[in-house]
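This report concerns only the one structure given below.
So you know, we letter chains A, B, ... as the sequences are listed, proteins then strands, and number each from 1. These numbers come from a predicted model, not from an experiment. Both backbone and side-chain heavy atoms feed into the values below; hydrogens, waters and symmetry mates do not.
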Amino acid sequence: MSRAEKAKAILEILQQKIPAPATELKFSTPWQLLVATILSAQSTDKQVNKVTEKLFAAYPGPHEILTLTEEELAAKIKTLGLYRSKSKYILATAQEIVTKHNGKVPQSFSELVKLPGVGRKTANVVLANAFDIPALAVDTHVFRVARRTGLASGKSVLETEKELHEIIPRQLWKDAHHLLILHGRYTCKARNPQCLQCPISSFCDKVM
DNA sequence: AACTCGGGGCA
DNA sequence: TGCCCAGAGTT
């Protein structure tokens, strides 16, 4: 079985096994996904969902969020860590999107990473999930899953990113990041991995 | 490369 | 009670 076939098989299984609504970041627009992703730094998806549900109901887009001061927004996201910097980033990014991008979230990596608080990971998540553009942010979870399953063998995150780009089928790009990261977070954990309940253990070189 | 922001989840 | 967490900016 080629690596590409393996990737396809693994992702299709994860698609069926991972209950999206409970754990996935919720969003209905590129802007909301961008904000949710900024908020997710050093926080869990559940915490983020709790905050964004209220926030987006009252302030759905960049124009609305700009009616808030930095302190007011910070108060609304105070249950998340790093809330002061996040508030600052979100308002600054909203301002730039309104003034420089005609109110729309830019659709290229180079433009996205120029936004305040948007780095490599956030940019890739937005490209893949909001715009269905092949992009994958390899973080520690994705890296670990890729190594254990043998989908990638590169030593660095960037090498792994390149390898995954080559083998993940086009139609699965949109879900690849969520699936791999959630699998890594809840099942293929760094410590105490749940191999007995792992739906893809038959593809794994390192069942424990 | 190291440091900082940071409340909540979980053992 | 201590460790960890969907990161990014600054020095």
[X] has an atom [atom1]; how far is it from atom [atom2] of [N], in whole Å?
X	N	atom1	atom2	result
A:Tyr83	B:dT4	OH	C1'	14 Å
A:Ile38	C:dA6	CD1	P	17 Å
A:Asn49	C:dA6	CG	C1'	11 Å
A:Lys86	C:dG9	NZ	P	14 Å
A:Gln42	C:dG9	CD	C1'	14 Å
A:Arg84	C:dA8	CZ	C1'	17 Å
A:Ile181	C:dA6	CD1	C1'	4 Å
A:Arg185	C:dC4	CZ	C1'	8 Å

- Note on the structure: From the candidates C:dA6, B:dG6, B:dG8, the one with an atom nearest any side-chain atom of A:Gln47 is B:dG8
- Residue A:Thr79, side-chain heavy atoms: nucleotide from B:dG8, C:dA6, B:dC5 that is nearest: B:dG8
- A:Thr149 side chain reached by A:Ile10 side chain, heavy atoms, under 4.5 Å: yes
- Message: Between A:Gln32 and A:Thr52, is there a side-chain heavy-atom distance shorter than 4.5 Å?
- Response: no
With a 4.0 Å cutoff (strictly under), does any side-chain N or O of [X] reach OP1 or OP2 of [N]?
X	N	answer
A:Thr44	C:dA6	no
A:Thr122	C:dA8	yes
A:Arg120	C:dG7	no

- Query: Distance-only, no hydrogens or angles: does the A:Glu111 side chain make a donor-acceptor pair with backbone N or O of A:Ser108 under 3.5 Å?
  - Reply: no
- Query: Does A:Gly154 offer a backbone N or O that forms a donor-acceptor pair with the side chain of A:Arg147 under 3.5 Å?
  - Reply: yes
- Task: Could you say whether A:Lys50 or A:Gly81 is positioned toward the 5' end of DNA chain B, judged by the nucleotide with the nearest heavy atom to each?
- Result: A:Gly81
Using the [atom1] atom on both, measure [N] against [M] and round to a whole Å.
N	M	atom1	answer
C:dC4	B:dG6	C1'	12 Å
C:dG9	B:dG8	C1'	23 Å
C:dA6	B:dT4	P	22 Å

- Message: Which is more 5' along DNA chain C, the nucleotide nearest A:Tyr89 or the one nearest A:Ser43? Just name the residue.
- Response: A:Ser43
- Would you mind telling me which residue lines up with the more 5' stretch of DNA chain C, A:Arg191 or A:Lys121, judged by nearest nucleotide? A:Arg191
- Just call it for A:Ile77: base, sugar-phosphate, or nothing, with non-hydrogen atoms closer than 4.0 Å on any strand. nothing
- Query: Cut-off 3.5 Å, side chains only: do A:Asn124 and A:His177 have a donor facing an acceptor?
  - Reply: no
